[in-house]
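To start, the structure itself, in structure tokens.
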Amino acid sequence: MFSLTQFPLQFDESALAPYMSVDTLNCHHGKHLATYIKNLNDLAANTKYADMPLDKIIIESATDENAKKIFNNAAQVFNHDFFFRCLTPNGGGAVPDEIANAFGGADKFRDEFKSAAAGVFGSGWAWVATDGNNLKIMTTANADTPMAHGMRAILALDVWEHAYYLDYQNRRADFIDAFLNHMVNWNFVIENLKYGK
Ligand code: MN
């Protein structure tokens with residue numbers, strides 16, 4: 001039977017401070033993600049989704065009018081697990097050439113990504129994703145995810161208020177800067193690029 005368990009963090013809860021506090025990680029990873037996992041397990045039980053892997057649940061439920069709750073929780077499980085893998089202690093720094101070159105240079109990438117992430121109205125996500133040929137910066141609202149649009153995630157930033165409010169209050173732009181300057185796990189991003197653009 002379908003049953004996901006909590007995805008472990010790849011680092012200690014205190015390892016991203018002061019850019020992301022223990023309180024934020026405890027709440028965001030320990031409570032929000034855990035709740036999405038529990039909800040998905042409960043909702044998928046005894047449905048056709050119960051035997052599917054997570055990516056198949058997301059793609060199938062995205063077009064199923066009767067499975068909106070399953071989609072929202074499944075997509076949020078994927079989004080969060082992927083986002084937490086995009087974070088690392090002592091991260092950030094120089095934008096890798098593979099990303100910079102795709103966007104006309106490191107500064108242009110940073111500007112475009114920051115503008116996209118800052119421009120998400122309400123809750124959502126900023127991404128670098130690929131359609132198989134080209135890297136693109138995209139945003140999604142609420143739980144929505146690139147996979148539901150035929151895209152594959154390369155980099156994710158959660159810009160729901162729960163991702164930054166304890167540490168930055170309303171200063172989302174400061175959180176985006178801290179992500180790019182101190183937390184983003186470029187090694188993980190480069191690994192994702194190895195599957196092709
Ligand atoms: Mn979140």
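Just so it is clear, the model here is predicted, and its values are computed rather than measured. Count residues from 1 along the sequence. Any value given below was found using the heavy atoms of this structure, including those in side chains, with hydrogens, waters and symmetry copies removed.
W127 pairs in a side chain to side chain contact (heavy atoms under 4.5 Å, CB included) with only one of the listed residues (R152, M138, M151), which is M138.
Within the 4.5 Å cutoff, the side chain of T88 has no heavy atoms near those of the M183 side chain. With a 4.5 Å cut-off on side-chain heavy atoms, V22 and D12 do not count as touching. Considering only heavy atoms from C-beta on, Y165 stays 4.5 Å or farther from T24 through its side chain. At a threshold of 4.5 Å between non-hydrogen side-chain atoms, the residues R110 and N181 count as touching. Taking the side chain as every heavy atom from C-beta outward, D167 and Y19 never approach each other to under 4.5 Å. The shortest distance between side-chain heavy atoms of T145 and T140 does not fall below 4.5 Å.
When the ring pair (Phe, Tyr, Trp, His ring centres under 6.0 Å) test is applied to F78, the partners found at least two apart in sequence or on another chain are F82.
The environment of CG in N101 is crowded: more than 12 heavy-atom neighbours from other residues, nucleotides or ligands sit within 6.0 Å. More than 12 non-hydrogen atoms from other residues, nucleotides or ligands lie less than 6.0 angstrom from CG of N26.
Between F103 and F109, the ring planes lie tilted relative to each other; the angle falls in the 30° to 60° range. Taking the six-membered ring where tryptophan is involved, the planes of Y168 and F175 are tilted, since the angle between them lies from 30° to 60°.
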List the steps, then state whether side-chain contact (heavy atoms from CB on, under 4.5 Å) holds for L87 with N185.
CA-CA 5 Å; L87 303 175; N185 185 351; 5.8 Å; no
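Counted by atom type alone, Q76 and N73 present zero donor-acceptor pairs between their side chains at under 3.5 Å. A donor-acceptor contact closer than 3.5 angstrom is absent between the side chains of Y164 and D158.
Side-chain N or O atoms of R85 include none that pairs as donor or acceptor with a backbone N or O of H80 at under 3.5 Å.
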